[in-house]
Every structure is written in C-alpha cells, then in structure tokens.
Protein chains: 2
Amino acid sequence: MKKIIGSRPRGATLADVGLAANVSPMTVSKVLRKTGRISEETQERVLEAAVKLGYVPNQLAGSLGSATSNIVCILIPSASDSVYSEILSSISRTLRPLELRTFVGESNFDPEIEYEQVRSFLSIRPAGLILSGGVQRLAKTDDILEKHGADTVQIWDGDRQTATANIGPSHEMAGRMMAEHFVELGLKNVAYIGSELSKDLCAARRAEAFEHTARQHGLKFTAITSESAPRQAIGGTLLTERMLEDQSDIEGVHYLNDAMAIGGIRAMYQRGLVAADHMQVTGFNGTSLATSVRTRLTTIDMSYTHIGEAAANAVISLAAGQPVSAVQVEDCKFVQGNTSGKRN
Amino acid sequence: MKKIIGSRPRGATLADVGLAANVSPMTVSKVLRKTGRISEETQERVLEAAVKLGYVPNQLAGSLGSATSNIVCILIPSASDSVYSEILSSISRTLRPLELRTFVGESNFDPEIEYEQVRSFLSIRPAGLILSGGVQRLAKTDDILEKHGADTVQIWDGDRQTATANIGPSHEMAGRMMAEHFVELGLKNVAYIGSELSKDLCAARRAEAFEHTARQHGLKFTAITSESAPRQAIGGTLLTERMLEDQSDIEGVHYLNDAMAIGGIRAMYQRGLVAADHMQVTGFNGTSLATSVRTRLTTIDMSYTHIGEAAANAVISLAAGQPVSAVQVEDCKFVQGNTSGKRN
DNA sequence: CTGAAAGCGCTTACAG
DNA sequence: CTGAAAGCGCTTACAG
C-alpha cells in the first residue's frame with residue numbers, strides 16, 4: 001500500500017528519473033549501470049536528469065533484486081584497540097577501488113554479542129564476512145553461519161583454522177620468542193602480566209608459550225593476571241604494583257601488550273628507579289615507538305597493513321568463487337628496544 | 001526471474017518457515033515481530049521452525065517494504081585516531097539497546113571521499129546519519145543530503161552550526177586556553193606545531209585562537225607547520241627538529257595533538273636534555289596519560305563517551321521526529337601535567 | 001486468530 | 001536501441 005503522508009522527501013527513484021528524461025525506468029537503470037546499448041543522446045538526457053534530481057540508487061532494492069550486495073561486514077573485538085583499527089583501515093583501503101563498502105561491528109570479546117552481530121550482518125546478505133579469531137565462539141554462531149552458507153575470513157589468529165581462511169601471526173611463536181629472549185639474557189626468574197585471558201585466546205596462547213618455554217629452560221615463572229584489570233597502561237601499573245609487593249627477585253616481565261608494559265614501567269619508576277633500570281621488560285604489538293619519550297620498548301611487531309590486505313583479498317577471492325589458502329601465518333618481527341638487554 | 005542455480009544455500013525465507021510450520025508467511029512475520037494476536041500454539045510452532053532453519057530476516061527486503069531501517073551511518077575522518085574510535089564505541093554502545101546498528105565509514109579528511117561515502121550511506125536509506133565536522137565539505141555533498149531530506153548530526157566541531165545538530169568542544173576556546181596558560185607562566189616567545197591544517201579545520205581554529213591570544217598579550221609567535229608530516233609522534237619529532245635548528249629562543253610550544261607533543265619532547269631530549277627541561281610543552285586530546293612513562297603532558301581533555309552519547313541521542317530524537325538543540329558545546333578540561341609550569 | 005493482495009525500488013531475462 | 005513482465009523477500013492495510 002502506498003503511504004500517503006509525504007512527510008520527508010524520500011529520494012528520487014528510477015521511475016522519477018525516467019519521467020524527467022522521458023524514458024522508461026529500465027533504460028535509466030541501463031544507463032546508470034552502463035549495461036546494454038543506449039544511444040549517446042539518451043544517455044546524456046538520463047545522466048542530466050539523475051544529477052538534477054540527486055538520484056542515489058536504493059541499494060536495498062538493488063541487492064534484493066540482484067541477490068548480490070557490495071557490503072563486506074567486519075567484526076572486531078574492540079574499536080579502540082589500535083591493532084584492529086589499523087587492520088580495519090587497511091581492509092577498507094583495499095576494498096574501496098572495487099566498489100566494496102565495509103560495515104563494522106564491535107563484539108567487546110563477548111560471544112553473545114558476537115552472535116547478535118553475526119545475525120545482524122547476515123540480515124543484510126553481505127558480499128563477504130570478516131571475523132576476528134581468538135575469541136570464544138558459540139555453537140549457535142557457527143550453526144547460523146553454516147546454514148547461510150557463509151564463507152568467513154578470520155583475522156588475528158594464525159595458529160588455528162577456524163574459518164574458511166585464517167590470517168594472523170602465530171601467537172605461540174610470539175610467546176616463545178619472548179621467553180627465549182629472556183633465556184639468552186641469562187635471566188633465572190621471570191613473570192607474565194596480562195588481563196582478561198579467558199576472553200582473549202590469542203593472548204592466552206602467547207602467555208602459555210612464554211611460560212612453557214621459560215620453564216623448559218629451567219627459569220622460575222610467575223603469572224600475575226586479572227580478569228578485570230583494563231588492558232591499558234593503568235592495568236599494567238596496577239598489576240605491576242601487585243607484583244612488586246609480593247615478589248622481590250623477578251628479573252624480567254613480559255606483558256600482554258605494549259600499553260600495559262608502559263604502565264608497568266611507570267610503576268617500576270615510581271617505586272624507585274632501581275626497579276625499572278634493572279628489570280627487563282617486553283611487550284607485544286609494536287605500537288610503543290609512537291607513544292613514549294625516552295622508552296623504546298622491546299616488543300614484537302608485524303604489518304597490520306599486510307594483514308588487512310590479505311584479509312580483503314581473501315574476501316574478494318571467496319566472493320569470486322576462487323579458492324583461498326586456509327591459514328596464512330603473518331611474520332612476527334622481534335624489536336629490540338632499550339627496556340631489555342642492556343642488563344649489566 | 002527465478003535463478004535456477006542453487007549455488008550456495010541462500011538462507012531461509014518467511015515462506016520457508018511458513019511451510020515448515022504450516023502457516024502463511026504473513027503469520028510467521030507477525031509472530032517474529034510480535035505484532036497482532038497469534039495463538040500460543042501457533043507461535044511455538046513458528047518459533048521452533050525459525051530456529052531449526054536458522055532463519056534470519058532479510059533486512060534488505062524488510063527495510064524496502066517498511067521504508068524504515070535500523071542502521072545508523074557514521075563517517076569519521078580517521079579510524080586509527082583514538083579520538084574518533086572512542087566516540088564511535090560510545091555511539092554504538094548507546095544505540096545497541098535500541099536495536100540500532102552502526103555502519104562506519106572513513107573519509108581520511110578527503111572531501112571527495114566524504115561525498116562518495118555519503119552517497120553510499122544514502123543508498124541504504126539509513127535511520128540516521130552522523131558526520132564529522134571540521135572538514136571541507138563539497139557543495140554537492142550538502143546538495144544531495146538536502147535532496148534526500150536527510151537530517152545529519154555532526155560531531156567534533158562545537159564552534160559552528162553545519163548540521164541539524166552539532167556536538168563537540170569549542171576549539172577556539174581550547175586554543176585560547178593554551179595561549180593563556182603560556183601567558184600566565186610569563187613566557188615571551190611561543191610556537192605552534194601541527195600538520196595538515198588545511199584539511200582539519202578544527203585544528204586550524206585552535207592554532208588560530210592560540211596565535212591570536214598569544215599576540216594579543218604581546219608574545220612573539222612562530223608557526224611550524226606542514227601539510228604532509230604525519231600527525232603522529234614522528235611528525236612532531238620532525239617539525240620540532242626543524243624548529244630547534246632555526247630558532248633558539250622559543251620558550252613554549254603548543255602541539256596539534258598529544259602524539260605530536262610526545263614526539264616533540266623526544267626530539268628535545270635528543271638535542272640535549274636542556275631543551276626538554278626548559279621548554280614548556282602542551283598538547284591536545286588527553287590521551288597522554290595512557291602512553292608515556294615519566295612524562296605527563298599538559299593537555300586538554302574531554303569526555304569522548306559523552307560526545308558519543310549526545311550524538312547517539314540526537315540521532316534517536318531526530319528519527320522520532322523530535323527537535324534537537326542545534327549546537328551542543330562539550331566541556332574542555334585543562335589538564336596540568338609535568339611538561340609545563342615547573343619553569344624555574 | 002489468520003491470510004490473500006498490493007506494493008517497496010530495483011534487476012534479470014526476454015521480446016521487439 | 002528500448003521497454004513490458006515477473007520476481008527478490010519483506011510489510012502495510014485490509015478482509016474474513
């Protein structure tokens with residue numbers, strides 16, 4: 001039924017443009033999509049009318065009619081985490097020239113929100129779906145994905161295959177690298193500090209590999225973790241203070257991420273410079289270079305741009321029905337800073 | 001025409017669920033949307049069938065049919081800038097309980113990309129539209145917005161009315177505050193360092209107000225700006241090095257943002273500690289607390305959460321046809337750190 | 001309490 | 001080179 005109240009201007013339709021250009025809607029459609037042969041003269045008339053009316057095709061109708069869409073949906077755990085926002089930017093940049101748009105959602109590491117977001121995504125029948133790995137996934141999420149025959153690309157977790165294509169670093173290797181670094185420095189007593197490991201499976205895997213490797217080499221290991229401390233500098237400060245109170249002989253600490261490491265170093269300085277100067281500190285993410293004054297954190301870095309491009313390309317391949325490799329492991333780069341190794 | 005090739009499972013439709021539950025599609029629609037009276041018994045049967053088939057309503061069709069959508073589109077200049085990603089998170093959080101989803105785009109401060117993104121947004125006939133202020137807007141962008149009768153909410157620029165509702169801090173006041181801070185400290189010779197001011201009108205307005213106020217009080221003023229230096233720490237380092245080479249008697253520098261200020265301080269330390277200890281440094285954004293070790297930047301902070309909530313609420317009001325205030329100026333908070341004021 | 005009809009604005013597959 | 005017909009999967013507004 002027609003709605004009678006013309007409350008707000010609703011945007012011109014194909015029919016409106018056709019009327020203005022004195023052709024059928026079908027012809028307008030063809031001109032605008034550059035399909036079929038239409039005379040120069042008609043084309044000009046149509047284009048002119050479209051511009052004059054500010055015509056913007058209704059993609060809701062377009063996608064429904066053609067059963068295809070140009071939207072790629074992306075779900076990340078946290079929009080305020082620079083890791084994900086950099087990957088995101090890279091994905092959008094790669095997709096833009098192909099006229100593919102991105103639709104971004106945030107799960108806050110909550111499996112129930114992830115499920116709702118996935119439903120939301122499926123409800124607009126997207127051209128592609130990118131999720132983040134290393135989070136708890138509900139069975140009903142997998143179920144609904146399968147029933148819709150949706151191929152998914154997963155970023156961040158390069159250790160497991162949990163989607164059609166997985167792209168990310170090996171977190172196991174990252175954790176191992178940091179433990180080996182401490183071993184090489186001759187440390188005997190090390191700690192790991194992190195938060196919300198039960199939600200972030202990738203971070204948990206790094207922590208495990210770090211612990212495992214450290215113990216394997218006979219080092220003493222302590223974990224100071226919390227399920228509620230913020231994964232920002234302030235959380236690192238709090239947990240480090242707790243550690244410094246309880247343990248006096250720890251020589252090196254590996255943190256969940258760079259922000260927490262910076263916060264940890266701050267706590268060490270506040271308890272007398274001795275702590276920070278004698279303690280070996282490492283982070284993860286490689287964002288530290290951009291943020292501190294005299295501290296250059298020893299950390300692990302990788303190319304977020306590259307991860308984003310790989311994810312975008314996987315989506316494009318899948319949409320074209322081409323095969324993709326199941327797991328693409330991204331390189332991790334060890335970055336030697338001035339917070340470790342200068343031990344004397 | 002029906003497409004014959006059943007290439008991939010396409011997701012169940014209302015009709016499929018109706019078939020499985022032995023009712024008409026219409027009845028399924030009513031049960032799922034909880035409208036109209038349907039017997040308990042029928043409801044159960046329908047719900048069961050919907051779950052079994054993994055039914056997810058096709059919103060493309062739904063929105064087309066009802067001429068309403070539950071998507072709010074948001075355009076920000078940069079996804080990797082924490083200011084915008086924090087506002088974004090806050091908007092999503094406020095909208096989620098109302099079943100409104102967010103669709104995010106990035107313009108990179110490019111007016112042409114802004115135009116394309118706005119077109120993209122309009123093509124899905126969103127329930128609301130949030131843009132960012134303080135960027136150059138093309139006439140055709142305003143034109144198309146008007147022709148679609150789209151009300152827009154604008155974040156970040158609290159000095160101008162350029163949309164139905166504007167929400168943000170007064171950048172003019174922020175710039176003035178920082179100049180007054182230097183005046184109170186008794187400085188005679190100050191500088192401003194920033195980048196890409198021609199694209200970022202809000203930053204330009206802060207710079208202008210800073211310069212104007214400084215000169216008004218008889219201070220000597222120098223601007224060291226670039227249109228290409230990154231707005232990150234590295235850019236601050238580069239421009240500060242340039243300044244230190246050319247000018248030897250500058251006593252205080254106000255930076256475009258905190259990241260550049262941190263980078264600037266790094267440059268000062270590298271040229272001999274003298275510079276950093278004797279130089280007054282201020283930033284803008286209030287993100288510094290989270291990122292540095294011993295440096296607590298003097299800066300200006302505000303509640304990004306609050307800006308996000310206000311923007312979300314404005315969208316909700318507009319969608320409900322309720323009036324909104326044209327300009328909502330957000331409070332700026334002066335944060336005294338240890339990079340200024342300890343002058344001796 | 002339930003459903004058949006008409007329409008949303010496009011597209012696909014034809015016909016002229 | 002141009003267009004009339006049928007359909008995409010929903011919803012609105014009625015009728016029973």
Side-chain angles (χ1 to χ4, degrees), chain A residues 1-19 21-46 50 53-71 122-125 148, chain B residues 1-19 21-46 50 53-71 122-125 148:
Chain A
M1 290 282 106
K2 260 232 149 11
K3 18 214 99 55
I4 312 101
I5 325 274
S7 50
R8 40 154 72 190
R10 299 256 78 231
T13 68
L14 272 189
D16 295 331
V17 179
L19 233 49
N22 223 277
V23 292
S24 73
M26 195 58 257
T27 301
V28 178
S29 171
K30 279 177 178 148
V31 172
L32 264 25
R33 288 181 302 143
K34 306 187 213 302
T35 62
R37 346 246 84 219
I38 307 286
S39 72
E40 275 298 319
E41 189 194 16
T42 308
Q43 290 201 35
E44 269 173 37
R45 218 161 1 111
V46 168
L53 295 176
Y55 175 71
V56 176
N58 184 332
Q59 285 211 32
L60 264 27
S63 297
L64 186 60
S66 66
T68 58
S69 117
N70 70 340
I71 295 177
L122 289 176
S123 77
I124 60 167
R125 307 293 189 263
H148 280 253
Chain B
M1 291 281 106
K2 260 228 148 17
K3 21 214 98 57
I4 312 98
I5 325 277
S7 51
R8 39 155 73 192
R10 298 254 81 232
T13 68
L14 271 189
D16 295 331
V17 178
L19 233 49
N22 223 275
V23 292
S24 73
M26 193 60 255
T27 302
V28 179
S29 171
K30 277 176 178 149
V31 171
L32 263 25
R33 287 181 302 143
K34 306 186 212 304
T35 60
R37 347 245 86 218
I38 308 286
S39 72
E40 275 296 321
E41 190 194 14
T42 306
Q43 290 202 34
E44 270 173 37
R45 216 159 6 108
V46 168
L53 296 176
Y55 176 71
V56 176
N58 184 332
Q59 285 212 32
L60 264 26
S63 298
L64 186 59
S66 66
T68 58
S69 116
N70 70 339
I71 294 178
L122 289 176
S123 77
I124 60 168
R125 308 294 190 263
H148 280 253

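- As rounded to whole Å, 11 Å separates atom P of D:dA13 from atom CZ of B:R33.
- Closest non-hydrogen pair, A:Q43 versus A:I38, comes out as NE2-O, 3.0 Å.
- In this structure, B:Q59 contributes its side chain and B:S69 its backbone to no donor-acceptor pair below 3.5 Å.
- Atom P of nucleotide D:dG9 and atom CG of A:N58 are separated by 17 Å, given to the nearest angstrom.
- Look at CG on B:L32: it is 13 Å from C1' on D:dT11, rounded to the nearest Å.
- The side chain of B:Y55 contributes no N or O atom lying less than 4.0 Å from OP1 or OP2 of D:dG9.
- A:S63 comes within contact range of no nucleotide atom at all, as no heavy-atom separation falls under 4.0 Å.
- For A:T13, counting side-chain heavy atoms from C-beta on, the closest listed nucleotide (C:dG9, D:dC1, D:dG3) is C:dG9.
- Out of D:dC10, C:dG3, C:dT11, the shortest distance to the side chain of A:S66 is found at C:dT11.
- Of the nucleotides present, none pairs with C:dA4 by Watson-Crick or G-U wobble criteria with both distances under 3.5 Å.
- The minimum heavy-atom distance linking A:A15 with A:P25 is given by the pair CA-CG, 4.1 Å.
- Side-chain atoms of A:S24 lie closest to D:dG3 of the nucleotides D:dT11, C:dT11, D:dG3.
- Across C:dG9, C:dT11, D:dG3, the shortest atom-to-atom separation from the side chain of A:A61 is found for C:dG9.
- Side-chain atoms of B:S123 never come within 3.5 Å of backbone atoms of A:N58 as a donor-acceptor pair (strictly under, hydrogens ignored).
- Between the NZ atom of B:K30 and the C1' atom of D:dG9 there is a distance of 17 Å, given to the nearest Å.
- Nearest-nucleotide mapping onto DNA chain D: of A:M26 and A:R37, the residue sitting toward the 5' end is A:R37.
- Here C:dT2 presents its C1' atom at 13 Å from CD of B:E41, a figure rounded to the nearest Å.
- The side chain of B:L64 sits closest to D:dG9 out of C:dT11, D:dG9, C:dT2.
- When the P atom of C:dC1 is taken as reference, atom CG of B:N22 falls 19 Å away, rounded to whole Å.
- When the side-chain nitrogen and oxygen atoms of A:S39 are compared with OP1 and OP2 of D:dC1, none of them lie within a distance under 4.0 Å.
- Rounded to whole Å, the distance from CD on A:Q59 to P on D:dG9 is 18 Å.
- For the pair A:K34 NZ and C:dT11 P, the computed distance is 13 Å after rounding to whole Å.
- In this structure, A:L64 and B:L64 approach most closely via the heavy-atom pair CD2-CD2, 3.7 Å.
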